[in-house]
Amino acid sequence: MEQYNFKTIEKKWQDRWEAEGAFHALNDSDKPKYYALIEFPYPSGMGLHVGHPRGYTALDIIARKRRMEGYNVLYPIGWDAFGLPTENYAIKNNIHPKIITEKNIANFTRQLKMLGFSFDWSREVNTTDPEYYKWTQWIFLQLFKHGLAYKQEMPINWCTGCKVGLANEEVVNGVCERCGSPVEQRRKSQWMLKITEYAQRLIDDLDDVDYLEKIKIQQKNWIGRSEGAEVKFMLSSGDELIVYTTRADTLFGATYVVMSPEHPLVEKLKDQITNYDKVEEYKAAAARKSEFERTELAKDKTGVALEGIYAVNPANGDKLPVWISDYVLVTYGTGAIMAVPAHDSRDWEFAKKFGLPIIEVVSGGKNVQEEAYTDVYKGNLVNSGFLNGMPVKEAIPAMINWLEEKGLGKRKVNFKLRDWVFSRQRYWGEPIPLVYCEKCGWVPIDESELPLTLPEVEHFEPGENGESPLAKAYDWINTTCPHCGGPAKRETDTMPQWAGSSWYFLRYMDPHNKEALASKEALEYWSPVDWYNGGMEHTTLHLLYSRFWHKFLYDIGVVPTKEPYMKRTSHGMILGENGEKMSKSRGNVVNPDEVVNEFGADAFRTYEMFIGAFDQATPWSQQGLKGCYKFLERVWSLQAIVTDEEDYSSDLEKSMHKTIKKVGEDYERMKYNTAIAAMMSLVNEFTKKGSVTKGEYMTLITLLNPVAPHMTEELWETYGGEGLLSLHAWPEFDEAKTIDDEIEIVVQINGKIRDKMTVPAGLDRDSLSGIAMESEKIKSLTEGKNIVKVIAVPGKLVNIVVK
RNA sequence: GCACCUGUGGCGGAAUUGGCAGACGCGCUAGACUUAGGAUCUAGUGUCCCCGACGUGAAGGUUCAAGUCCUUUCAGGUGCACCA
């Protein structure tokens, strides 16, 4: 037996797999298909993080197991290569982002190949390849043609660092998700995608897919559906003010109304507002505040009353003061609210600060002058005319019905979800394939002209005024209108990084197709993705965006399924050895190259799967890694005690069948750590016994193959296995042989273990209790006591209750 | 503030439906083999007042039986955050 030399073994089998095209998926196969997908990486200059292979290995195990089970498996890989870090590096060093991207992809490719993933490299895609982004642009054009893309001057989140507009999803705590610079509000003309039109379907169709529950919850929260009513308040000026409320029942308790400072009525009523100078001042101050400051100062409410104006409460005719305050958002609902300080804590704070009246309309709370009572499950309406005595849950529809009858309001569903800001004032993205013509407005370029490739420019940085670097590519910009033939200018903004990643899984199905993003046949055959694993951080970004695009493509007949992914799981983070997030500044980063160099890809993969519960964050441990390496060495060393016997030995037969069952089931449930533990136990049994039959050994290495593919291929070859182990059949087990003939039963007295006994399996309650009562130990312990009850659980225990 | 998740030995973590808490690995202790050991092998390893009792963040509860179910609470993490 030679020493376990992972370096030569791993190289040998990676070359062999590649030469034989072992993991190529076929588009014309009789086998059932299986599509396993991992989020394609962004090829950053830092190289692969040890977190990447956690998800990749997990689905590699599934992909490999499926192949062994006879499926035609698609497990593809590609590059999500547009994006800011590359562009920022390009600006700093004045190197074309394309060159940087190529270099980074080469490095990532080397690293992924060294880990032995069973990707189908022949289907590699790259979002920055014009042959790829041709179709990203094509989809955008379809969105535009169907009225789902529109340009609008609107306040956007402007990152002061990246000098680029951001989607709401990209703003975290008021700062840019990428660079951490403060984000401020700016008005800018932006391309928007109407994801809000799909809000309800994005919620509803979650019922049809198998996503982790927390992913569904997070998406639903993000979309933020709420049911309520729009209520009409007449203003003294004669204008109508529509407010949105989810608590129509509290209308009698409304003591003032509040508009957001940006509400159009404020401007319109300018002449009737006697303190307009103050109002204008407040508006200006609110506009200057960034989103961050606005939320920072959330605790302390500010506002200005509109003097000279009042509103009429439609329920009781009361005259109510009208205020503006930035705690009311112009982007949500109608941009105006009715304030019910007794039953809303924000209104309560505001009322307290400005001395506005607080009227209780739901009983059951404490003194509403002391705190707002917001419970909707307890309490009945008071001071509310025809609603008096009703519980909240009944009063809400009762009031809405009343409003609808009188024409004073109507039911209304609102969503927190905003339309998707789709423009970026950046170079390294897909050009938006539209031109602006003075006569015809925005006109799509002809589809035959796709891809519209990025022009060459001298410099990649955005202009100070926030214009795209493409704005300086004069030859490229000036073109003719496809509609009227007159002079026209190209759109100089580019698409966000999320564009290319919203549909890449479709391209894998037919990556070299020149006629379509993928052929109908390929789409029919491979759709939907069976299992998609990726990071939790993409739940409200990539995952939501790609579901939206997919539904659109479904609507226009391009794809055959409503949902892109049948199953979605997420892996936990791998933390540094000190339990903190890995980062350069903390100095706790583990480099995959070093790990593989020292212990090999198989040990690295095994450890990443053994490290802990797959969905949980876990710290890295160099010792733990060594332990897994030792395990592989022990498997290797078993060669010294392998016999010629092809069958399982009689004394280990049960262990074999049990292990096959457990490992297979655990892989499916993503309980990789316990699957490996089961194989470790089996190896311990072999070692203890001092011999292992060839049949047992071959089964062990087959079970281990998805985790440690290189070493097991080598052993398979050594022992004359046929063909590649990676394509060999998955072992079967016999359920009957996983059941022990004899089992140990625990005997308890009052729930405390007093004795253990070995009995034949399958005994019923009575025989078990009988045997338990026979035990000398139990007899002596129960002597003279009153036996109240005997509980026997077949296969588990007997509990004797005595007094 | 709201939503979701997690609290189990010295450490990472096991424990279908409530049914032997601590599988498996690391670390540690002792021994063997060795010129050597940060290699390998063997045995041991929750705690204590050690033939017994206690023990899954804390406090209650349900049950013959609770890591698992219920109530309250504390701590950590993640997401959202003035969404009317």
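Everything quoted here is computed from the prediction, not taken from an experiment. Each chain gets a letter, A, B and so on, in the order its sequence line appears, and its residues count up from 1.
Residue A:Ala613 is classed as a sugar-phosphate contact, given heavy-atom separations below 4.0 Å to backbone atoms only. Note on A:Val801: only backbone sugar-phosphate atoms sit closer than 4.0 angstrom, heavy atoms only; bases stay farther off. Residue-level contact check: A:Ile611 touches the backbone only, with heavy atoms under 4.0 Å from sugar-phosphate atoms and none from bases. Residue A:Ala678 is out of contact with every strand shown, counting any heavy-atom pair closer than 4.0 Å. Looking at heavy-atom distances under 4.0 Å, A:Gly627 makes contact with sugar-phosphate atoms alone, never a base. Here A:Asn221 lies in heavy-atom contact (under 4.0 Å) with sugar-phosphate atoms only. Heavy atoms of A:Arg225 sit nowhere under 4.0 angstrom from any nucleic acid atom.
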Problem set entry | Derivation and outcome, side-chain contact (heavy atoms from CB on, under 4.5 Å), residues A:Gln200 and A:Arg225 | CA-CA 8 Å; A:Gln200 190 62 50; A:Arg225 182 192 150 99; 2.4 Å; yes
Problem set entry | Test log, rule side-chain contact (heavy atoms from CB on, under 4.5 Å), inputs A:Trp620 and A:Gln622 | CA-CA 7 Å; A:Trp620 182 267; A:Gln622 199 68 14; 3.2 Å; yes
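For A:Asn799, the listed nucleotide lying nearest its side chain is B:C64; candidates were B:C4, B:C64, B:A84. Comparing B:C24, B:C82, B:A84 by their closest approach to the side chain of A:Thr245 singles out B:A84. Side-chain proximity of A:Thr674 to B:C26, B:A14, B:A84: nearest is B:A14. Distance from the side chain of A:Lys796 is smallest to B:G19 among B:G19, B:U42, B:C64. Closest to the A:Ile753 side chain, of the nucleotides B:C41, B:C24, B:C20, is B:C20. Closest contact between the side chain of A:Gln616 and the listed nucleotides B:C5, B:C20, B:C64 involves B:C5. Picking from B:C4, B:G19, B:C24 the nucleotide with the shortest atom distance to the side chain of A:Leu797 gives B:G19. Side chain of A:Glu744, nearest nucleotide from B:A84, B:C41, B:C20: B:C20. Counting only heavy atoms from C-beta on, A:Asn684 has its side chain closest to B:C24 among B:C24, B:A23, B:U6.
When the P atom is compared between B:A66 and B:C49, the two are found 27 Å apart, to the nearest whole Å. Rounded to whole Å, the separation between the C1' atoms of B:G57 and B:G77 comes to 15 Å. Look at the P atom in both B:U62 and B:C70: the space between them is 15 Å, to the nearest Å. Rounded to the nearest Å, the gap between the P atom of B:G25 and that of B:G31 is 23 Å. Rounded to a whole angstrom, the distance from the P atom of B:A65 to that of B:G55 is 15 Å. Nucleotides B:G22 and B:G13 place their C1' atoms 10 Å apart, quoted to the nearest Å. Taking the P atoms as reference points, B:G37 lies 46 Å from B:G76, given to the whole Å. Between B:G9 and B:A14, the distance separating the two C1' atoms is 13 Å to the nearest Å.
If you check B:A32 for Watson-Crick or wobble pairing at under 3.5 angstrom, you find it paired to B:U40. Across all strands shown, B:G12 forms a Watson-Crick or G-U wobble pair, both distances under 3.5 Å, with B:C24. The nucleotide B:U68 finds no pairing partner, because no Watson-Crick or G-U wobble arrangement with both distances shorter than 3.5 Å includes it. Nucleotide B:U17 forms no Watson-Crick or G-U wobble pair with any nucleotide shown, as no partner meets the under 3.5 Å limit on both distances. The partner of B:U78, taking Watson-Crick or G-U wobble pairs whose two distances both stay under 3.5 Å, is B:A3. Nucleotide B:U63: unpaired (no Watson-Crick or G-U wobble partner with both distances less than 3.5 Å). Nucleotide B:G46 forms a Watson-Crick or G-U wobble pair with B:C54, both donor-acceptor distances falling under 3.5 Å.
Remark: C1' of B:C64 and NZ of A:Lys752 are 13 Å apart, rounded to the nearest angstrom. Spacing between atom CD of A:Glu213 and atom P of B:U6 amounts to 13 Å, rounded to whole angstrom units. Rounded to whole Å, atom C1' of B:C4 lies 15 Å from atom NZ of A:Lys216. As a whole-Å value, the separation of A:Leu638 CG from B:U40 C1' is 14 Å. Going from atom CD1 of A:Ile223 over to atom P of B:A3 covers 19 Å, rounded to whole Å. To the nearest angstrom, C1' of B:A84 lies 16 Å from CG of A:Leu320. Atom pair A:Met679:CE and B:G25:C1' shows a separation of 13 Å (rounding to whole Å applied). Here B:G13 presents its P atom at 9 Å from CG of A:Leu575, a figure rounded to the nearest Å.
Contact of A:Lys630 with B:U40 (side chain to base): no donor-acceptor pair of N or O atoms is detected under 3.5 Å. Contact annotation: side chain of A:Lys756 to base of B:C20, donor-acceptor pair present below 3.5 Å. A donor-acceptor contact under 3.5 Å is formed by the side chain of A:Lys301 with the base of B:C82.
Contact between the side-chain N/O atoms of A:Ser226 and the OP1/OP2 oxygens of B:A84 is found at a separation under 4.0 Å. Applying the 4.0 Å criterion to OP1 and OP2 of B:C5, one finds that A:Lys214 has every side-chain N and O outside that range. Phosphate contact (OP1/OP2 of B:A15, side-chain N/O of A:Lys671, threshold under 4.0 Å): present. Applying the 4.0 Å criterion to OP1 and OP2 of B:A84, one finds that A:Tyr327 has every side-chain N and O outside that range. Considering only side-chain N and O atoms, A:Gln623 lies under 4.0 angstrom from the phosphate OP1 or OP2 of B:G27.
The residue among A:Gly335 and A:Lys688 whose nearest nucleotide of RNA chain B lies closer to the 5′ end is A:Lys688. Map A:Gly224 and A:Thr618 each onto its nearest nucleotide of RNA chain B; the residue landing nearer the 5' end is A:Thr618.
Checking side-chain atoms of A:Asp347 against main-chain N and O of A:Val340 turns up a donor-acceptor pair under 3.5 Å. Side chain of A:His343 to backbone of A:Val361: a donor-acceptor contact under 3.5 angstrom is found. The backbone N or O of A:Glu633 sits less than 3.5 Å from a side-chain atom of A:Ser637, completing a donor-acceptor pair. Side-chain atoms of A:Lys216 come within 3.5 Å of backbone atoms of A:Val209 as a donor-acceptor pair (strictly under, hydrogens ignored).
With values rounded to the nearest 0.5 angstrom, A:Phe354 atom CZ is found 6.5 Å from A:Thr302 atom OG1.
Aromatic pair A:Phe350/A:Tyr327: centroids less than 6.0 angstrom apart.
With salt bridges taken as basic N to acidic carboxylate O contacts below 4.0 Å, one links A:Arg586 and A:Glu580.
Among the candidates A:Ile359, A:Ile358, A:Thr250, A:Val368, the single residue satisfying the side chain to side chain contact (heavy atoms under 4.5 Å, CB included) test with A:Pro341 is A:Ile358.
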